[in-house]
Amino acid sequence: MKVRELARLLNARALTGEAGMDNEIQSGYCCDLLSWVMAHGGEGMAWVTVQTHMNVIAVAALHDMSCVVIPEGAAMDEEVCRKAAEEGVAVLSSDKNAFEISGMMYKGGVPAGRQ
């Protein structure tokens with residue numbers, strides 16, 4: 001599944017425009033603890049987190065993740081979105097909560113990330 005397909009599935013809006021929308025999603029992950037994601041993240045992940053600061057983009061770029069999904073309509077600063085676009089990491093915003101997003105991703109065929 002590509003990020004743009006995930007955006008449609010979740011009825012989410014892309015905060016980074018077209019940047020990263022054609023990235024292929026290989027797995028999904030839901031976690032708000034950055035150090036945990038640094039240890040368990042992986043390439044091609046769609047990462048669901050309520051964290052919206054610059055370090056989220058640094059971790060996503062470090063692992064070459066496909067996208068970051070922000071639940072519950074949480075805001076992300078324009079500067080952070082610009083950095084994500086530069087790194088090729090799409091950022092999606094959904095009004096759904098993290099539990100709903102994770103379930104929809106799994107049901108839509110996105111496998112769970114590394115265990």
Side-chain angles (χ1 to χ4, degrees):
M1 172 184 297
K2 293 194 181 288
V3 173
R4 74 175 65 256
E5 295 168 303
L6 178 61
R8 278 194 296 272
L9 177 71
L10 300 176
N11 195 30
R13 62 188 188 288
L15 302 182
T16 48
E18 281 296 308
M21 293 299 283
D22 288 321
N23 291 346
E24 192 70 34
I25 297 171
Q26 298 173 15
S27 64
Y29 204 69
C30 183
C31 184
D32 294 324
L33 188 58
L34 296 183
S35 59
W36 192 267
V37 178
M38 283 182 69
H40 296 91
E43 183 179 344
M45 276 187 170
W47 174 22
V48 182
T49 180
V50 296
Q51 301 287 343
T52 60
H53 49 77
M54 195 66 81
N55 289 342
V56 169
I57 305 310
V59 171
L62 174 72
H63 283 296
D64 199 20
M65 292 183 179
S66 295
C67 65
V68 173
V69 183
I70 308 299
E72 299 187 39
M76 182 176 269
D77 287 341
E78 197 173 305
E79 179 183 354
V80 179
C81 290
R82 255 194 317 273
K83 181 62 175 174
E86 287 174 17
E87 295 290 342
V89 177
V91 177
L92 304 178
S93 176
S94 174
D95 290 333
K96 294 168 179 48
N97 68 38
F99 182 79
E100 291 172 298
I101 291 167
S102 297
M104 291 173 77
M105 286 172 46
Y106 190 75
K107 187 176 179 182
V110 177
R114 299 188 314 186
Q115 311 272 318

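- Residues Leu33 and Phe99 are members of separate hydrophobic clusters, defined by side-chain heavy-atom contacts under 4.5 angstrom among Ile, Leu, Val, Met, Phe, Trp and Tyr.
- For the residue pair Thr16 and Ala85, the shortest heavy atom distance occurs at CG2-N, 4.0 Å.
- Rounding to the nearest 0.5 Å gives a distance of 12.0 Å between CD of Glu72 and NZ of Lys96.
- When all heavy atoms are compared, the tightest approach of Val56 to Gln51 is CG2-CB, 3.4 Å.
- Once rounded to the nearest 0.5 Å, the distance linking CD1 of Ile70 with CE of Met76 reads 4.0 Å.
- Residues Met54 and Met65 share a hydrophobic cluster, clusters being chains of Ile/Leu/Val/Met/Phe/Trp/Tyr side chains in contact below 4.5 Å.
- The distance from atom CZ of Arg4 to atom CG of Asn23, rounded to the nearest 0.5 Å, is 10.0 Å.
- A pairwise comparison of heavy atoms in Thr49 and Trp47 identifies CB-NE1, 3.6 Å as the closest pair.
- Clustering of Ile, Leu, Val, Met, Phe, Trp and Tyr by side-chain heavy atoms under 4.5 Å joins Val48 with Met1, Val3, Leu6, Leu9, Leu10, Met21, Ile25, Val69, Leu92, Ile101, Met104, Met105, Val110.
- Salt bridge present: Arg82 and Glu78 bring a charged side-chain N and a carboxylate O closer than 4.0 Å.
- In terms of hydrophobic clustering, with Ile, Leu, Val, Met, Phe, Trp and Tyr side chains grouped at heavy-atom distances under 4.5 Å, Met38 and Val89 are assigned to a common cluster.
- If you run side chain to side chain contact (heavy atoms under 4.5 Å, CB included) between Ser93 and each of Leu15, Val68, Thr52, only Leu15 comes through.
- A side-chain donor-acceptor contact under 3.5 Å links Asn97 to the backbone of Glu100.
- In this structure, the separation between SG on Cys81 and CD on Glu86 is 11.5 Å, given to the nearest 0.5 Å.
- Between atom CE of residue Met45 and atom SG of residue Cys67 there is a gap of 11.5 Å, rounded to the nearest 0.5 Å.
- The heavy-atom pair separating Ala98 from Cys30 by the smallest distance is CB-SG, 3.9 Å.
- Between atom CG of residue Leu62 and atom CD of residue Glu43 there is a gap of 11.5 Å, rounded to the nearest 0.5 Å.
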